Amino acid sequence: MTSQELRDKFLTFFRERNHKIVPSSSLLPTDPSVLLTTAGMQQFSLYLSGKKDPVEEFGNRHLASCQKCFRTGDIEEIGDDTHHTFFEMLGNWSIGQDENGYFKSGAIKFAMDFLVDELGLDKNNFYVTVFRGENGIEKDEEAINIWLEHGIARDRIIECSAKDNFWGPVSNIGPCGPCSEIHYDRGEHLGCNRPDCGPNCDHCKRVVEIWNLVFMQYNRNEDGKYELLNQTNIDTGIGFERLLSILNESSSAYETDIFEGMIKKIEQSSGKKYKENKQAFRIVVDHTRSAIFLAGDGVEPSNVGQGYILRRIIRRCVRYSKMIGIENSISLGDYIFEKYDSVYPELDGSKQKIYSVIRAEEEKFEKTLKSGLAILEKQLENSKEGVISGEDAFNLYQSYGFPLELTEEIVSEKGFKIDKVSFLESLKKHQDLSRSGAEKKFGGVGKDAGEEGAKLHTATHLLHAALRKVLGNHVEQMGSDINVERLRFDFAHTQKVTPEELKQIEQLVNQKIKESLEVKKEEMALNEALDVGALAFFKEKYPETVRVWTIGDPQASEYFSKEICAGPHANNTSELGTFKIIKEESSSAGVRRIKAILIK
Ligand code: SER
C-alpha cells in the first residue's frame, strides 16, 4: 500500500462516518509556549477545553485530519526503524457531547473497524494498553470491557500506569485524560524473545504503538490540579509511517514508497549500498524531508528556537551526505515535493523559495566545513587521552559553524569525546547563557565518569530528592546517565515541569550544596536499607548487601536524601560547585528528562 492510499483510506473512512476533514495546521503552533506541532490535537485545543464550539467553526463536532508533526526529542535515534523528526499523524476527534457525540465505545469501534475490516490487519497481533488507575482516578474497566467485546484476548489487554496511559497536556496546562493504545506485534524476528516482551518493551521494538485513543475528561489548570472538563472528548492519533510500514510488512518506513525513491537515487549517485550504510542514508532522507517541511512553514535557519532546529537538521544532513558521497543533496528534495505537494498545498509552488532557504544555509556551512574538518582532524591527532578541549570545540562552533552536537558526533565516531564543561565555560565567556538558548544547544551523550562523575552522582541524588519535594513523591527514577560533563535523569512525571518549578528545584539543590552536607556511605542488607527508608528502584537488580548513601546526618530523622546506589560519590555537597539545569524535556510517555551540569 502506498502512503497516498493509506492517507486516502483513513480520511475517506471518517468522511463516510460523518466526520469533517480538517486540513493540517502549520508546524509552527499558535501557542507560543510550544516550539513545534507534536500532535494532531494541538490545533483543536480551544475546542477540546470547551472554550470554543467546533460546530460553529467546522459545522461538525466530529473531525479527522492528517497532521504534520515534528518531534526533536528523538533526534539522536534517527536511523533506527521507528523514529523520524518530521512525521504525519492521522487522527479523529469527537469534541463535546450531543446525541451524535461518541466516546470510548465509539472510538474503539472506529479503530477496530478501520484496522481490521478496512485494512485487513489481524487482531490477534494486537496488544491494547489501558489505564490501570492512579492519583484518585479509577482503573479503566469500561475500556477493558469494550476491548473484550471486540475480541481482544484478556491477556493481550495490558494495564499500565499514568506514565504510559495518561496523555497530555501538550504544554503544562490544558485538556488531557487516560488513554488506551493499540500496539502491533511485528513478529518474533524483530524481538528480544524475553518472556516479558510486549508493549513498551525496554529491549526491542518487536511490538510498536500504532494508535493512541485519548479519553479526554480532564483539564490541568494553572495550579497543576486536574479538574473535570465540562465535556468529554475523543482525541486519537495514529503514527502514520509506522502503520504504513506494518501494512507493507517492512521493518521500517524507510522501506516504503515515502523514502524508497530517494534511497535509490542516493545509491545510484554515490555507488554506496543502503543496506551497508543504513544509518547515514536514513539520516539524509529523514532530514531532507524535515528541512523542506520546516522551511515550507516559513522557518529560516538561525541560532534560536525553530531556526536552530532547522540549522542543525540542514548541517547534519550536509555532513552525512558528504560521508556517503552525495554532492548535491538538494536534488533529493524533488522526491519530497512529488510525494507531498498535492497533500500539503503550502508546498505547491514554494519549491524555489524553500530550496533557496536551504541552499543558502548549506552553502554557508559548506564554505567552512572543509576547513573546520581539517582543523578537527588536527585536534584529534594532538588530543591527549582522547578528549577534545572545550576551547577547541568552541572554536569550531564560533568560527566554522559546527553545532556542538555535530562535533560530538564526529569525534565520537573516532572514539573521542569533548570536554563539555570547558566548552561551556568558553561559551559563557562569549555570550550570556539564557536558559532557552542552553536548552537548545546542549544535548548529546558521552561515556566516562571520574572525579567529575562522583560529583554528578551526588548531584543526581540531590536532584532526585529536590524533584520529590517540589513535584511530589510520585517522582520515581526511571533512568540515570552520567558522563564527565553532565548528568541526565529520567523520572516518572506526566507533565512538563514548569520554569518556576525548575527554578525551585535548582534553588533547592544549590541550597543543599551551600549547606555543606556530609555524604555518608553505609553498607547494609537490602531489607534493612528499605526499612530505613532508602530509595530503591528496580529492586530485583540489587545484591543482598547494598550501599546506602545519605546526604545529611544518617542518624537524624531529617536527612535530605537517602538512596541505595553503588556510587562513587563526593564526600561533601560543598565540593559540587553550582548546579544548573540545562534542559527539561519528554523522554517517553509520562517520563520527563532533565539534563544538568555543575559549574565550578
Ligand atoms: N494526542 C494524542 C497523541 O499525540 C492522540 O492523538 O498521542
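Only a predicted model underlies this, so the values are computations on that prediction, with no experimental measurement involved. Counting convention: from 1, in listed order, for ligands and their atoms alike.
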Which atom pairs, one a donor and one an acceptor, fall under 3.5 Å between side chains of residues 336-343 and the rest of the protein, sequence neighbours left out?
unit_1, atom_1, unit_2, atom_2, d
K339, NZ, D257, OD2, 2.9
Y340, OH, R289, NH1, 2.7

Begin with the C-alpha distance, continue with both residues' side-chain angles, and end with the deciding distance and a verdict on salt bridge (charged side-chain N to carboxylate O under 4.0 Å, His left out) for R242 and E209. CA-CA 8 Å; R242 285 188 189 177; E209 179 197 333; 5.2 Å; no
side-chain contact (heavy atoms from CB on, under 4.5 Å) against I137, all qualifying residues, sequence neighbours excluded: F131, F166, Y218
Dump all N/O pairs between ligand 1 and the protein below 3.5 Å as a table: atom names plus distance, one pair per row.
unit_1, atom_1, unit_2, atom_2, d
ligand 1, 1 (N), D235, OD2, 2.8
ligand 1, 6 (O), D235, OD1, 3.2
ligand 1, 6 (O), T236, O, 3.2
ligand 1, 6 (O), G237, N, 3.1
ligand 1, 7 (O), W167, NE1, 3.4
ligand 1, 7 (O), N212, ND2, 3.0

Give me the one residue out of T85, D80, D81 that meets side-chain hydrogen bond (donor to acceptor under 3.5 Å, both in side chains) with H83. D80
Audit row: Q4, D8, side-chain hydrogen bond (donor to acceptor under 3.5 Å, both in side chains) steps and yes/no: CA-CA 6 Å; Q4 189 54 40; D8 286 346; 2.9 Å; yes
For a quick test of your reading: what N or O donor-acceptor pairs under 3.5 Å do the side chains of residues 105-115 make, sequence neighbours left out?
unit_1, atom_1, unit_2, atom_2, d
K109, NZ, D113, OD2, 2.8

